[in-house]
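See structure below.
A note on names: the letters A, B, ... follow the listed sequences, proteins ahead of strands, and every chain is numbered from 1. Values below: all heavy atoms of this structure, side chains included; hydrogens, waters and symmetry mates excluded. In this text, all values refer to a predicted model and were calculated from it rather than measured experimentally.
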Protein chains: 2
Amino acid sequence: MIKPNRRTATADPDTDTEQRILDAARAVFVRRGTAGARMQEIAQEAGVNQALLHYYFRSKDRLAEAVFRQIAGRILPTVFEVLGSDATIEDKVRGLVTLYIDALSASPFLSGYILSELHHHPERARQLFTQAAGADPAHFAAPILRKLGGQIEARVREGTLRPIAPERFAINLISLCIFPFAARPLFQVAFGLDDAAYVRFLERRKRDLPEFFLNALRA
Amino acid sequence: MIKPNRRTATADPDTDTEQRILDAARAVFVRRGTAGARMQEIAQEAGVNQALLHYYFRSKDRLAEAVFRQIAGRILPTVFEVLGSDATIEDKVRGLVTLYIDALSASPFLSGYILSELHHHPERARQLFTQAAGADPAHFAAPILRKLGGQIEARVREGTLRPIAPERFAINLISLCIFPFAARPLFQVAFGLDDAAYVRFLERRKRDLPEFFLNALRA
DNA sequence: GTCTATATTGTGATAGAC
DNA sequence: GTCTATCACAATATAGAC
């Protein structure tokens, strides 16, 4: 029952066609970048004809938007869930580091794709939050920052932490988590690490990075 | 004497044509990304006809490569020069932070462009070093890492620093420097900062970041 | 070297049969 | 819903006059 043009499909032929197209589109857009992606390649990867992409998504633009929406809706909530939880600062740091390293290890191009989209379609940065929370970005992040800020403040009064604005806390931590993936080709070549060695470096980083980061905060 | 098709040119009409094309190409490739850039837009920005781009550079591919080569040749040497210098660790950190923040502030898309190129043309990562130093990447970075490692080790014996591999030192510092630019649209929206506020944040970071980073290393 | 005009292909999108 | 065939135009690249 396998149709001949599904020979090159990598998507599961049993799932819903629209979803299969979306999955294929995600893979191709992320791998090639939005501008570099070709409808033909997406169709092939989905195991369908190019015309079907237009039947379901009307245009490349809309398909790209659907892909970004899907990706954004998955990542951000998890991150802010961790940062806004009741866990201790130490647990938040460890949780976020592990979360990022595991997620990005599975998808080498993902970080670059998101950064590129945000630069070339800044309006989607907003979308990203409303998609995730149905709320204004500021009203979404504010309570989380307030909570984090409160935790920091309490520890500062305790004398166990030095003061830092919660925004700086978040930016520094997220930078340290994501950039080793975004700049992976650079670091691998610069330090002469093959794929296996870099994976080991990242795995070790789940312990090393929290230690480094928390030490920076220590009073 | 201004020719009519130079009306839209932003490049200096007095400089050498080949150089003017290269400058225009750099601007457009960095702004739009390599796949999103159009030869027509480059020609217009250079104030010449599209045919001239091919006369000088043969194809879009070669032009893109020339642009990357030019950019790579400018950035890396400076970075490794600072890291490999005789300055103290504290001065290296402060120097690198200021260097990055100043350079990337002037060109919002630059970090994303380089990261994207490295992902989509991994072979250029190598090029980037050979271009900068005429040497094998490993043989270029190794002495710098050795020197940095020696400095760290001496300070560890002194009891003023905790041990850290020089590679981790570099990766963490560079991550903290570049990522706030690579993810600028995200952070601006998340924290509700307009352009002016983000510039102030980056300016303040020239002091804040060295303090944060050095504290992380303190024994 | 620089231009205009044009060839050639690539690529998103549509028409219409089944 | 899915396909084949094709359109329309965008984009890279070349030919040839000046």
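Rounded to an integer number of Å, the gap from B:Leu52 CG to C:dT4 C1' is 12 Å. We find that CD1 of B:Ile21 is positioned 15 Å from C1' of D:dT12, with the value rounded to whole Å. Protein atom CD of B:Glu41 is 14 Å distant from nucleotide atom C1' of D:dA10, rounded to whole Å. Atom CD in B:Glu18 sits roughly 14 Å away from atom C1' in C:dT2 (whole-Å rounding). For B:Leu63 and D:dA11, the CG to P distance is 16 Å, given to the nearest whole Å. When the C1' atom of C:dG1 is taken as reference, atom CZ of B:Arg20 falls 12 Å away, rounded to whole Å.
Taking the ring centroids of B:Phe212 and A:Phe169, they lie at or beyond the 6.0 Å cut-off. If you look at B:Phe187 and B:Phe181, their ring centroids are not closer than 6.0 Å.
Using a 4.0 Å heavy-atom distance criterion, B:Tyr55 is classed as a base contact.
Using cut-offs of 30° and 60° on the angle between ring planes, the pair B:Phe109 and A:His120 is parallel.
Here A:Thr17 reaches the OP1 or OP2 of D:dT2: one of its side-chain N or O atoms lies under 4.0 Å away.
Every pair passing salt bridge (charged side-chain N to carboxylate O under 4.0 Å, His left out) that includes a residue from residues 68-83 of chain B is listed here, sequence neighbours excluded: B:Glu65-B:Arg69.
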Counting primed atoms plus P, OP1 and OP2 as sugar-phosphate and everything else as base, spell out the protein contacts along nucleotides 12-18 of chain C at 4.0 Å heavy-atom distance: B, S or - for each nucleotide, 5' to 3'. BBB----

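With B:Val28 as the partner, the side chain to side chain contact (heavy atoms under 4.5 Å, CB included) test is satisfied by one option alone out of B:Arg38, B:Glu41, B:Met39: B:Glu41.
When atom types are taken as modelled, the side chain of B:Ser116 and the backbone of B:Tyr113 share no donor-acceptor pair closer than 3.5 angstrom.
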